[in-house]
**Q** 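Sharing a structure below in structure tokens format, with a few things to ask.
Below, each value reflects all heavy atoms present in this structure, side chains not excepted, and no hydrogens, waters or symmetry copies. Numbered from 1 within each chain, the chains take letters A, B, ... in sequence-line order.
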Number of protein chains: 2
Amino acid sequence: MDTTQRTDQQRTADRRRRELLEAADRVVLRDGPQASMNAIAAEAGITKPILYRHFGDKGGLYAALAKRHTDALLDSLRAALDAPAERRERVESTLDTYLAAIEARPQVYRFLMHPAEGSSGSDQGFDVGKHSAPLLRRMGEELAQVIEDRLDLGPGSQQLARVWGHGIVGMMHAAGDWWLGERPCSRAELVRSLADLLWGRLAAAGDRVGGPGF
Amino acid sequence: MDTTQRTDQQRTADRRRRELLEAADRVVLRDGPQASMNAIAAEAGITKPILYRHFGDKGGLYAALAKRHTDALLDSLRAALDAPAERRERVESTLDTYLAAIEARPQVYRFLMHPAEGSSGSDQGFDVGKHSAPLLRRMGEELAQVIEDRLDLGPGSQQLARVWGHGIVGMMHAAGDWWLGERPCSRAELVRSLADLLWGRLAAAGDRVGGPGF
DNA sequence: CCAGCGATGTTACTAGCGGTAACGCGAGTG
DNA sequence: CACTCGCGTTACCGCTAGTAACATCGCTGG
């Protein structure tokens with residue numbers, strides 16, 4: 001019947017959608033997370049209502065846009081995480097992959113982490129965490145899965161793995177954010193320091209009791 | 001001359017300022033981080049221009065407001081961090097203090113973490129990290145200081161301490177954010193799991209090679 | 001051949017935001 | 001009495017997200 005028709009329409013619609021997303025990408029890359037719908041529409045050579053017809057509202061566009069980058073980054077991370085190597089090497093490689101990504105395109109990274117938390121002010125309850133980057137959540141969950149699959153953690157392993165997944169991702173994120181702003185050392189050094197932290201050097205370090213002047 | 005007069009004026013101005021901040025506090029507690037200047041002015045029983053005369057712009061008000069809470073939270077954390085106890089106990093106590101704080105007042109916590117990154121769109125360069133919570137930065141720096149003062153980390157200790165400070169704070173933050181949203185376990189369990197992570201259980205865990213079905 | 005319909009696109013608008021200019025007003029001072 | 005000065009207001013600007021209403025093209029059916 002009209003299935004061929006509909007698929008045709010859908011195909012062109014999808015192409016438009018992809019074009020719009022690419023335009024939005026360019027604008028975000030240029031203007032950062034506060035890119036306006038007007039600017040995106042202008043970049044795409046059209047006007048606002050079309051954007052709204054395609055994506056519903058700003059949150060929809062941002063979600064679609066974020067999904068692409070998030071998926072791409074997660075693919076890279078999975079590759080590093082699943083490599084056939086020693087655990088420490090895998091961890092360092094994963095950290096380095098993430099840091100290299102945020103170093104290469106900080107604007108995109110900023111957008112992913114702070115996707116214009118607007119949404120709708122209706123639900124102002126205890127929804128802490130809805131915003132603040134679905135990317136972090138997804139990375140945390142994926143890492144948790146890998147940890148649980150690969151490591152033998154004894155009883156309560158699932159819960160422990162999830163805590164660790166989110167915790168490690170947060171560590172990586174915060175350290176990366178700070179490092180990107182101050183650049184106090186090379187990427188390799190940062191990776192090494194973080195891996196050292198995860199490897200328990202904090203607990204193993206000796207107390208400093210006889211410090212000079214103290 | 002007019003010194004006494006000016007101090008008098010300054011005193012009343014400071015009182016007004018405090019009143020306004022308390023009103024803003026109430027609104028933020030009710031509406032979350034997207035509290036509008038109009039709403040805050042209305043809560044204080046005045047109108048917008050007065051707010052602007054006192055705080056310059058929205059960023060100024062938010063900064064003043066954030067400073068109060070940040071200082072308060074940092075004081076609690078310092079107390080837990082500097083307690084005369086075993087290192088593990090201190091770490092757990094600090095984690096618990098932080099988590100208890102965000103659990104008690106999630107709206108305030110959200111405000112501190114995402115202080116309406118607007119500012120002015122002028123400087124759209126590579127300023128990643130300017131936003132995204134000065135609170136996290138301050139906590140990271142303070143923790144770094146404590147780590148460096150208390151622990152003997154050998155050469156490169158300062159840099160290592162800073163990486164760890166920011167990394168641990170990020171771990172705590174992300175895990176807390178996730179936990180607050182899903183409540184998958186008790187606070188005490190979360191604290192224990194995070195401390196275990198910092199104590200190197202990740203590195204010490206055995207590989208899971210003979211899993212059932214795999 | 002032409003009526004109609006649906007998708008694509010436009011202009012023009014609303015509501016609300018941050019921020020500001022211009023004015024009103026009461027208190028103290030020469 | 002006039003004059004200034006700080007507190008407070010109303011009324012506005014420019015911007016944003018989001019929408020309603022209108023125009024237009026291409027395609028299908030009688």
**Q** When rounded to the nearest 0.5 angstrom, what is the spacing between CZ in Arg187(A) and CG in Leu95(A)?
**A**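 One finds 11.0 Å between CZ of Arg187(A) and CG of Leu95(A).
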**Q** Mind checking side chain to side chain donor-acceptor pair (under 3.5 Å) for Glu19(A) and listing every partner two or more places apart, or none if nothing turns up?
**A**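 Scan of Glu19(A) (side chain to side chain donor-acceptor pair (under 3.5 Å), adjacent residues dropped) gives Arg16(A).
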**Q** Starting at CG of Leu20(B) and ending at P of dC7(D), how long is that distance when rounded to a whole Å?
**A** 11 Å
**Q** Residues two or more places apart in sequence or in another chain: which of them pass side chain to side chain contact (heavy atoms under 4.5 Å, CB included) with Leu81(B)?
**A**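 For Leu81(B), the residues satisfying side chain to side chain contact (heavy atoms under 4.5 Å, CB included) (neighbours in sequence not counted) are Thr94(B), Leu143(B), Val146(B).
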**Q** CG of Leu51(A) versus C1' of dT19(D): gap in Å, rounded?
**A**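 The answer, rounded to whole Å, is 14 Å.
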**Q** So that I can tick it off, tell me whether Arg137(A) and Asp177(B) are bridged by a salt bridge, with the cut-off set at under 4.0 angstrom between side-chain N and carboxylate O.
**A**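 Counted as a salt bridge, because a side-chain N and a carboxylate O are separated by less than 4.0 Å.
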**Q** From OH of Tyr52(A) over to P of dG9(C), roughly how many Å is that when rounded to an integer?
**A** 17 Å
**Q** What integer distance in Å separates Phe55(A):CZ from dA17(D):C1'?
**A**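 In whole Å, dA17(D) C1' lies 16 Å from Phe55(A) CZ.
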**Q** Please state how far atom CG in Asn38(B) lies from atom C1' in dT20(C), giving the value in whole angstrom units.
**A**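 These atoms are roughly 14 Å apart.
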**Q** Atom CD of Gln34(B) and atom C1' of dT16(D): how far apart are they, to the nearest Å?
**A**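 Rounded to whole Å, this separation is 16 Å.
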**Q** Name all residues meeting the salt bridge (charged side-chain N to carboxylate O under 4.0 Å, His left out) criterion together with Arg201(A); count only those two or more places apart in sequence or in a different chain, and write none if there are none.
**A** Asp196(A)
**Q** Going by side chain to side chain donor-acceptor pair (under 3.5 Å), name the residues that satisfy it together with Glu89(A), two or more places apart in sequence or in a different chain.
**A** none
**Q** How sharply is the helix from dC1(C)-dG30(D) to dG30(C)-dC1(D) bent, taking the axes over five pairs at either end and rounding to 10 degrees?
**A** 30°
**Q** Residues in side chain to side chain donor-acceptor pair (under 3.5 Å) with Glu43(A), at least two apart?
**A** Arg26(A), Arg30(A)
**Q** Provide a list of protein-nucleic acid N or O atom pairs under 3.5 angstrom, restricted to nucleotides 8-15 of chain D.
**A**
residue, atom, partner, partner atom, Å
dG8(D), OP1, Arg16(B), NH2, 3.2
dG8(D), N7, Arg53(B), NH2, 2.4
dG8(D), O6, Arg53(B), NH2, 2.9
dT9(D), OP2, Thr47(B), N, 2.9
dT9(D), OP2, Thr47(B), OG1, 2.4

**Q** Whole-Å distance between dA7(C) C1' and Asp14(A) CG?
**A**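 Atom-to-atom, Asp14(A) to dA7(C), this comes out as 15 Å.
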**Q** Could you state the atom-to-atom distance from NZ of Lys58(A) to C1' of dT19(D) in whole Å?
**A**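 From Lys58(A) NZ to dT19(D) C1': 16 Å.
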**Q** Please identify each residue that fulfils side chain to side chain donor-acceptor pair (under 3.5 Å) with Arg138(A), with sequence neighbours left out.
**A**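 Side chain to side chain donor-acceptor pair (under 3.5 Å) list for Arg138(A), sorted by chain: Asp71(A).
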**Q** Taking salt bridge (charged side-chain N to carboxylate O under 4.0 Å, His left out) as the test, write out the residues that go with Asp75(B), two or more places apart.
**A** Arg78(B)
